[in-house]
Amino acid sequence: MPLSLEHEIARRRTFAIISHPDAGKTTLTEKLLLYGGAILKAGAVKAGKGQGHTTSDWMELERQRGISITSSALHFEYAGHCINLLDTPGHQDFSEDTYRTLVAADSALMLIDAAKGVEDRTIKLFHVCRDRGIPIVTVVNKMDRPSRSPYDLMDEVEKVLGITVVPRTWPIGSGPEFQGVYEIAERHVHLFERVTRGQGRAPVRVTGPDDPVLRERLGEAAHARLLEDLETVSTCVAPFDQARYLRQEISPLFFCSAIHNFGVENLLQNFVAMAPPPGPFRTLDGDVPPDAPFFSGFVYKIAANMDRMHRDRIAFVRVTTGRFERGMTAWHVRLDREVRLSNSYRFFGQERITIEEAFPGDVVGLINPGMFRVGDVISAGPKLQARNFPRFSPEIFAQARVADPAMSKGFGKGLAQLGEEGVVQVFWPRTGAREPILGAIGELQLEVFSYRLENEYNCKVRLDRKPYTRARWMRGVTPELLDLLPMVVKDESDRPVALFASDFEIRFALERYQGLELLEVPPTEEEKA
């Protein structure tokens, strides 16, 4: 094994940020890019006059709505480390996109609102990380606003999520009085100065807790409370242990105000030091170490029309083993054929940069002429198969009809590409008109589908809502049974799917039709119905 491969693996950090909507995830992403030197001036989630847009939100609808609705991969160098930040949608309607992205991450930052604490979306994403063995760093954001006590927040995280938190920093004040953070391990106080709109790096003054300047700045009462808090934390909280963090037994805790850049650089410095490098590739045949002497990777996301000038589809591939080189050939396991990987890019917002090589932990964008799906594995060595990817059962259904028959070609193309990307799930009736039924988890998915179809494919559609609320993939079916069930459609892999309006209908079908098996998620490729 070349020494350079070992070195490149060791310096990589690939992570995702998870949070409830409005906890400040996109703002923190932008500020990490600022302190990582990837951008010169931070944008804003909702840009005011004269402000730039956030780098990670490349879709026009994201910029209009001020939310993240698709995942992106951002790459930058920091302190000798190569950072791959997998930005994820914050909105719950796009859970499937988020969960797939977490498959490609080695660690996660869990962002919590200082006033709201642990929220529903945070709980779900935490358990996904837990199930996948992803170590988590907890970050309490928005300390510049009225906040709950740090002790209350720590207690809630431990009780609700069942993980011990170990503070690495401690807030100095909160709300308008938030002055900075105390770094517990180094016994340093980091005092911050506000910058205009938080667009530049916040000036920092490092001192100690007993510095007279700090006492004067806080006032006698507030300074005394800070010293009391620091004494309590130092005597009552267990010290940070790297091995326990990697085993998910503890979660390091940091405090910050991402909008004002307070505590962000300290967070980034500590995170790259503690976060794990790329781990083994988990396949159906066992774990494969990242330093295996052959390239392999898996597709965790498909994106269409990231750049309207190119109008192409991109397969996001997480490199899992060996060295990727542009122009190399590898085996497409699902198609059982060799492919040449000539058009390889790295993306930064809408910008694309041709890359010549990549290493485990990196994300490579490959031009996708329709041969790649989410979960596909490409390998220059053994024919590996990734473990099954997360799938969700839709809860909202609508039949899509093109508004103008002259737009049928654009409709077909947009339907295929956006369905492949995972914006919606596309089902086809077994009989009758060939008008697709779209399945979604939330209303926003249907809104995004209609918006993108009109803006990217010049095609307007009518969506007629259907009464179904459950989709169940079927096993043990016969042609007669397919005709007996009230509504059976086919998914993109031609698997039969039964649609139901209630759990009562599902129970009735199972009781009436012996041998019928209904699955909440599609069977894996090796278990096709």
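Not measured: the values here are computed from a predicted model.
- Across every non-hydrogen atom of Pro290 and Pro278, the tightest pair is CG-O, 3.6 Å.
- For the pair Thr138 (side chain) and Leu253 (backbone), a donor-acceptor distance under 3.5 Å is absent.
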Worked verdict on Val299 versus Arg373 for side chain to side chain contact (heavy atoms under 4.5 Å, CB included): CA-CA 7 Å; Val299 179; Arg373 295 182 189 169; over 6 Å; no
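- The minimum heavy-atom distance linking Ser107 with Ala275 is given by the pair OG-CB, 3.9 Å.
- Between Asp291 and Thr321, every side-chain heavy-atom pair lies at or beyond the 4.5 Å cut-off.
- With hydrogens and angles ignored, the 3.5 Å screen pairs no side-chain donor or acceptor of Arg282 with any backbone N or O of Gly279.
- Geometric assessment of Arg187 against the ring of Tyr182 yields a negative cation-pi assignment under the 6.0 Å and 45° thresholds.
- Across every non-hydrogen atom of Glu158 and Val165, the tightest pair is OE2-N, 3.1 Å.
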Stepwise side chain to side chain contact (heavy atoms under 4.5 Å, CB included) check, Thr122 with Met110: CA-CA 8 Å; Thr122 314; Met110 181 174 66; 3.7 Å; yes
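- Here the closest non-hydrogen pair linking Pro171 and Leu226 is O-CD1, 4.2 Å.
- With rounding to the nearest 0.5 Å, the separation of SG in Cys256 from NZ in Lys142 is 11.0 Å.
- A cation-pi arrangement is present between Arg352 and Tyr345 under the rule of less than 6.0 angstrom and at most 45 degrees off the ring axis.
- Side-chain atoms of Thr235 come within 3.5 Å of backbone N or O of Thr232 as a donor-acceptor pair.
- Shortest non-hydrogen contact noted between Gly439 and Phe397 is CA-CD2, 4.0 Å.
- Salt-bridge formation is detected for the pair Lys159/Asp155: a Lys NZ or Arg NE/NH1/NH2 atom is positioned less than 4.0 Å from an Asp or Glu carboxylate oxygen.
- Side-chain atoms of His223 come within 3.5 Å of backbone N or O of Pro209 as a donor-acceptor pair.
- Under the 4.5 Å side-chain criterion, counting only non-hydrogen atoms from C-beta, Leu74 is not in contact with Asn84.
- Enclosure of atom CD in Glu520 is not indicated, since only 12 or fewer non-hydrogen atoms of other residues, nucleotides or ligands lie within 6.0 angstrom.
- Under a 3.5 Å cut-off, the side chain of Asn141 and the backbone N or O of Ala258 do form a donor-acceptor pair.
- Here the CG-CG distance, from Leu384 to Leu284, works out to 9.5 Å after rounding to the nearest 0.5 Å.
- Side-chain atoms of Arg130 come within 3.5 Å of backbone atoms of Gln248 as a donor-acceptor pair (strictly under, hydrogens ignored).
- Annotation: side chain of Phe372 is in contact with side chain of Leu366 (closest heavy-atom distance under 4.5 Å).
- No more than 12 heavy-atom neighbours from other residues, nucleotides or ligands sit within 6.0 angstrom of CZ on Arg145.
- A donor-acceptor pair under 3.5 Å links the side-chain atoms of Asn455 to the main chain of Tyr451, judged by distance alone.
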From CA spacing to verdict: side chain to side chain contact (heavy atoms under 4.5 Å, CB included), Arg215, Glu220: CA-CA 6 Å; Arg215 182 182 292 107; Glu220 289 292 340; 3.1 Å; yes
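- Rounded to the nearest 0.5 angstrom, Asn266 CG and Phe271 CZ are separated by 13.5 Å.
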Glu77 vs Arg11, salt bridge (charged side-chain N to carboxylate O under 4.0 Å, His left out): CA-CA, chis, key distance, verdict: CA-CA 10 Å; Glu77 297 273 341; Arg11 76 186 194 92; 2.8 Å; yes
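- Checked for salt-bridge contact, Glu443 and Arg465 meet the test: a charged N lies under 4.0 Å from a carboxylate O.
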Steps toward salt bridge (charged side-chain N to carboxylate O under 4.0 Å, His left out) verdict (Arg470, Asp503): CA-CA 8 Å; Arg470 312 283 191 276; Asp503 288 333; 2.9 Å; yes
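- Here the straight-line distance linking atom NE2 of His190 with atom CD of Gln179 works out to 15.0 Å at 0.5 Å rounding.
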Salt bridge (charged side-chain N to carboxylate O under 4.0 Å, His left out) assessment of Asp106 paired with Arg132: CA-CA 9 Å; Asp106 297 306; Arg132 298 193 171 276; over 6 Å; no
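- Side-chain contact between Pro252 and Met274 is present, with heavy atoms from C-beta onward closer than 4.5 Å.
- At least one donor-acceptor pair under 3.5 Å links the side chain of Lys31 to the backbone N or O of Ile259.
- Considering only heavy atoms from C-beta on, Glu249 stays 4.5 Å or farther from Ile163 through its side chain.
- Leu161 is listed as a side-chain neighbour of Val118, based on a closest heavy-atom distance under 4.5 Å.
- Taking each heavy atom of Phe192 and Gly263 in turn, the nearest pair found is CZ-N, 3.1 Å.
- Between Leu28 and Leu267, some side-chain heavy-atom pair lies under the 4.5 Å cut-off.
- Ion pair Arg121/Glu119 not flagged as a salt bridge, since none of the NZ, NE, NH1 or NH2 atoms sits closer than 4.0 Å to an Asp/Glu carboxylate oxygen.
- Side chain of Asp131 to main chain of Val128: no donor-acceptor pair is present (N/O by atom type, distance under 3.5 Å, no hydrogens or angles).
- Distance CD/Glu186 to CD/Gln269: 10.0 Å, rounded to 0.5 Å.
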Test log, rule side chain to side chain contact (heavy atoms under 4.5 Å, CB included), inputs Val181 and Trp170: CA-CA 5 Å; Val181 295; Trp170 195 259; over 6 Å; no
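- Aromatic rings from Phe178 and Phe262 are positioned such that their centres are separated by under 6.0 Å.
- Between Leu418 and Val424, every side-chain heavy-atom pair lies at or beyond the 4.5 Å cut-off.
- Note on ring orientation: taking the six-membered ring where Trp is involved, the planes of Phe298 and Phe281 are parallel (angle under 30°, cut-offs 30° and 60°).
- Remark: side-chain polar atoms of Thr169 are not paired, donor with acceptor, to backbone N or O of Phe254 under 3.5 angstrom.
- A distance of 10.5 Å separates CG of Leu125 from CD1 of Ile134, quoted to the nearest 0.5 Å.
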